[in-house]
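Everything below concerns the one structure shown next.
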Protein chains: 2
Amino acid sequence: MRQIKHPTIEQVELTDIMYALADPTRLEIVILLAQAGKKLTCGEINLNRPKSSMSHHFKILRSAGLVETLIEGTEHMNSLRLEEVESKFPGVLSAVLKAATKD
Amino acid sequence: MRQIKHPTIEQVELTDIMYALADPTRLEIVILLAQAGKKLTCGEINLNRPKSSMSHHFKILRSAGLVETLIEGTEHMNSLRLEEVESKFPGVLSAVLKAATKD
DNA sequence: TCTATAGTTCTATTATATTCGAACAATAGT
DNA sequence: ACTATTGTTCGAATATAATAGAACTATAGA
């Protein structure tokens with residue numbers, strides 16, 4: 001069961017995170033993962049876009065260090081790397097999540 | 001003395017701010033303004049780039065609601081809209097600034 | 001082995017951003 | 001009025017990103 005490679009938290013740059021969160025679709029994915037508080041498959045995050053588009057956004061979220069994807073069978077289980085990101089960039093992701101969900 | 005138009009803080013979107021801060025040059029400008037703690041002219045923010053490039057980045061920072069530019073004579077005095085941005089998106093900009101300057 | 005499912009990768013298209021020289025605009029000083 | 005200074009705007013080249021259909025991969029189950 002080959003797994004996807006992720007960057008270590010040390011390798012993650014702040015501007016990567018900013019860039020990843022600057023796209024409304026990706027911010028929405030991050031919000032849904034945060035609100036779910038558990039692993040979600042790509043299919044459970046339905047934003048009415050083709051699979052290839054969603055896959056593209058997940059790839060960017062992964063390379064930014066925001067999302068971890070574990071392969072379980074045919075499904076890809078996604079979760080937010082909240083604690084890790086918070087420990088490297090304290091307050092950044094949590095403040096963005098609060099700001100994005102406060103309405 | 002005609003002044004530049006800025007968005008009100010209500011008009012500013014979170015993704016605009018994320019987008020503006022995702023560019024290393026613009027993040028650097030924001031950091032310099034924060035560290036200066038006072039108004040700086042474009043010329044004082046020397047990142048070794050042509051005027052037209054810097055002007056472009058300032059325009060994006062302004063439209064994102066991050067920077068206010070007041071024209072005084074031939075100079076354009078720039079300042080961070082830190083308090084306003086903090087009040088609309090608490091913790092976001094301050095956390096980014098801390099994360100970006102902590103090394 | 002055949003089929004269905006879940007996502008990725010490939011490829012091309014289109015859209016958006018960055019960069020920067022050159023021309024321009026506004027002001028200040030002489 | 002002329003000149004220098006400061007920064008913007010224009011325009012064009014280049015680079016990067018978003019979108020999505022089609023082909024592909026990997027696993028699970030019958």
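Every chain is numbered from 1, with letters handed out A, B, ... down the list of sequences. Just so you know, these numbers use all the heavy atoms, side chains as well, and skip hydrogens, waters and symmetry mates.
- Taking atom NZ on A/K59 and atom P on C/dT9, their separation rounds to 5 Å, with Å as the unit.
- Under 4.0 angstrom from either OP1 or OP2 of D/dT19 there lies at least one side-chain N or O belonging to A/H57.
- Rounding to whole angstrom units, CD of residue B/Q3 and P of D/dT8 are separated by 12 Å.
- Side-chain contact, B/R62 with B/H6: no donor N or O sits under 3.5 Å from an acceptor N or O.
- Counting heavy atoms from C-beta outward, A/R81 and A/I9 have side chains that approach closer than 4.5 Å.
- Straight-line distance from the CG atom of A/D16 to the C1' atom of D/dT16: 15 Å, rounded to whole Å.
- Taking atom CG of residue A/L70 and atom C1' of nucleotide D/dT27, one finds them 16 Å apart after rounding to whole Å.
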Open item on the list: Evaluate B/E86 against B/S94 for side-chain contact (heavy atoms from CB on, under 4.5 Å), listing each step before the verdict.
Closed with: CA-CA 7 Å; B/E86 279 291 296; B/S94 56; 3.1 Å; yes
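- Residues A/V96 and B/V96 fail the side-chain proximity criterion, which asks for heavy atoms closer than 4.5 Å.
- For C/dT8, one of the phosphate oxygens OP1 or OP2 lies less than 4.0 angstrom from a side-chain nitrogen or oxygen of A/H76.
- In this model, the phosphate group of C/dT27 is not approached by any side-chain N or O of B/R2 to a distance below 4.0 Å at OP1 or OP2.
- A 6.0 Å sphere centred on NZ of A/K5 holds no more than 12 heavy atoms belonging to other residues, nucleotides or ligands.
- Shown for residues 29-55 of chain B: residues whose heavy atoms fall under 4.0 angstrom of DNA chain D, namely B/T41, B/C42, B/G43, B/K51, B/S52, B/S55.
- If you measure from atom CD of A/E75 to atom P of C/dG7, you get 6 Å, rounded to the nearest angstrom.
- The nearest whole Å value for the distance from the NE2 atom in A/H56 to the C1' atom in C/dT14 is 13 Å.
- With rounding to the nearest 0.5 angstrom, the NZ atom of A/K38 is 12.5 Å from the CG atom of A/N78.
- Rounding to whole angstrom units, CG of residue B/D23 and C1' of D/dA17 are separated by 14 Å.
- Residue A/Y19 places none of its side-chain N or O atoms closer than 4.0 Å to OP1 or OP2 of D/dT16.
- Clustering ILVMFWY residues whenever any of their side-chain heavy atoms sit less than 4.5 angstrom apart, transitively, puts B/V12 in the very cluster that holds A/V92.
- Protein atom NE2 of A/H6 is 13 Å distant from nucleotide atom C1' of C/dT8, rounded to whole Å.
- In this structure, of D/dT19, D/dT5, D/dA17, it is D/dT5 that holds the atom nearest to the side chain of B/T74.
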